[in-house]
Amino acid sequence: MNAFEKAQLYLRASWALGNLNLRGLPLLPKGFFNLPVYNRSAYNEFVIWIHRFHLKSARWVVDVGANHGDFAEAAAAYFPEANVLLVEPLPHLHEELERRCIRHGGKWLLEKSALGAEEAVLPLHVAAGQDAIGSMVGFSPEYQQANPQTEIDQLRCKVRRLDAVVAEQNIPFIDLLKIDVEGFEFQVLKGATAVLERTRALIVEVSLVRRPADVRDPLAEMLDLLLAREFHVVNVIPSFFDRSRPWRPVEFNILVRRPDAAGV
């Protein structure tokens, strides 16, 4: 992304927030903040996505696959009164996320596990040197063609169901749920049947090159699943492209909401 594109994102996010959006300002040194956002372009884009839901308020935001917390920070900027649950299995990110929880004065919680269809301990595949890339389904040859990884490690990872985590934290409903789990999204949703009934808006990343063996067309099947749950589609956004064929998207972010969510 070039400087002009970064500036455009910043201006659009600032308009969505209705303020100067200093945390997303590309030219401002990160040292200006005690705990800056990790990727300002991603943060600004998340603000824009959240704005598209036209939610008037939010009490609970759940960020599954929180990574460095940029989505959660965007949600907190848009909904300052919201409580946030971060879900992140990668151990080397926990210290930073714990600092962010402290910064937000107890309104943020951290769940240090992966999510799936059932309780288990499974291998988490991690691309060495790239802390944004970890997958329960591994790195398929098709994914390696789109985004080559030279070294892949494995960690043993506790897996829980989102239904169980939400019940444990006494979260009555979710205003905004984001799921970015690098190909494990269908399994996460299988473990969130009760939660989905109490979710107003959802962002889910869908990978075409990392998917379960029984899923032939991930994008179409995810849309069918969400429509069957009576969500309405807000947007479908290509988010990652094949390096060898840069015109071909291999991952999408789907934005959906309940039809009555905007007026709440």
Side-chain angles (χ1 to χ4, degrees), residues 1-16 24 26 37-53 63-68 70-71 74 125-152 177-189 201-228 231-257:
M1 182 177 294
N2 60 41
F4 178 73
E5 291 169 330
K6 290 179 180 179
Q8 278 191 316
L9 268 181
Y10 163 73
L11 291 173
R12 290 169 63 197
S14 299
W15 179 85
V37 295
Y38 182 75
N39 184 322
R40 283 185 284 211
S41 293
Y43 165 86
N44 285 328
E45 188 161 27
F46 290 144
V47 168
I48 294 166
W49 292 0
I50 293 167
H51 181 69
R52 288 176 181 171
F53 288 118
D63 185 358
V64 180
N67 202 251
H68 289 274
D70 287 340
F71 178 83
H125 305 264
V126 180
Q130 295 197 42
D131 57 18
I133 302 179
S135 176
M136 304 299 294
V137 299
F139 299 85
S140 66
E142 192 176 6
Y143 178 85
Q144 288 278 25
Q145 179 178 338
N147 188 17
Q149 304 299 321
T150 58
E151 185 177 349
I152 299 171
L177 170 62
K178 169 254 189 182
I179 300 172
D180 181 354
V181 289
E182 309 292 343
F184 211 53
E185 50 273 3
F186 285 93
Q187 294 299 104
V188 171
L189 291 177
L202 167 66
I203 300 172
V204 57
E205 184 185 74
V206 179
S207 175
L208 307 188
V209 291
R210 285 184 289 186
R211 60 186 186 272
D214 60 343
V215 176
R216 297 186 62 184
D217 189 339
L219 182 59
E221 292 184 39
M222 181 61 74
L223 287 168
D224 287 345
L225 186 159
L226 296 173
L227 290 172
F231 286 99
H232 286 201
V233 177
V234 173
N235 212 333
V236 178
I237 305 169
S239 57
F240 182 65
F241 292 80
D242 188 329
R243 289 185 180 181
S244 63
R245 291 174 286 181
W247 48 266
R248 178 178 178 253
V250 294
E251 289 180 355
F252 295 83
N253 277 279
I254 301 175
L255 282 61
V256 297
R257 74 173 191 194

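Counting from 1, the numbers follow the sequence of the chain as shown.
Nearest heavy atoms, Phe71 versus Lys178: CE2-CB, 3.5 Å. Smallest separation of non-hydrogen atoms from Ala74 and Val47: CB-CG2, 3.6 Å. Of all heavy-atom pairs spanning His51 and Trp15, the tightest one is NE2-CZ3, 3.3 Å. Here the shortest heavy-atom pairing between Pro238 and Pro249 reads CB-CB, 3.7 Å.
In this structure, the side chains of Phe186 and Glu221 come closer than 4.5 Å at one or more pairs of heavy atoms. Counting heavy atoms from C-beta on, the side chains of Val206 and Glu185 come closer than 4.5 Å. Under the 4.5 Å side-chain criterion, counting only non-hydrogen atoms from C-beta, Arg40 is not in contact with Tyr10. Between Val188 and Val204 there is no side-chain heavy-atom pair separated by less than 4.5 Å.
Taking CH2 of Trp49 as the start and CG of Leu255 as the end, the distance is 6.5 Å to the nearest 0.5 Å. Rounding to the nearest 0.5 angstrom, the gap separating the NZ atom in Lys6 from the CG atom in Leu9 is 10.0 Å. Rounded to the nearest 0.5 angstrom, Ile254 CD1 and Leu226 CG are separated by 6.0 Å. One finds the CZ atom of Phe53 at 7.0 Å from the CG atom of Leu202 (value rounded to the nearest 0.5 Å). For the atom pair CD (Gln8) and CG (Asn2), the distance works out to 8.5 Å, reported to the nearest 0.5 Å. For the atom pair CD (Glu251) and CG (Leu208), the distance works out to 7.5 Å, reported to the nearest 0.5 Å.
A donor-acceptor contact shorter than 3.5 Å is absent between the side chain of Asp180 and the backbone of Gly65. Of the possible polar contacts, one joining the Asp70 side chain to the Asn39 backbone as a donor-acceptor pair under 3.5 Å is found. Side chain of Glu45 to main chain of Ser41: no donor-acceptor pair is present (N/O by atom type, distance under 3.5 Å, no hydrogens or angles).
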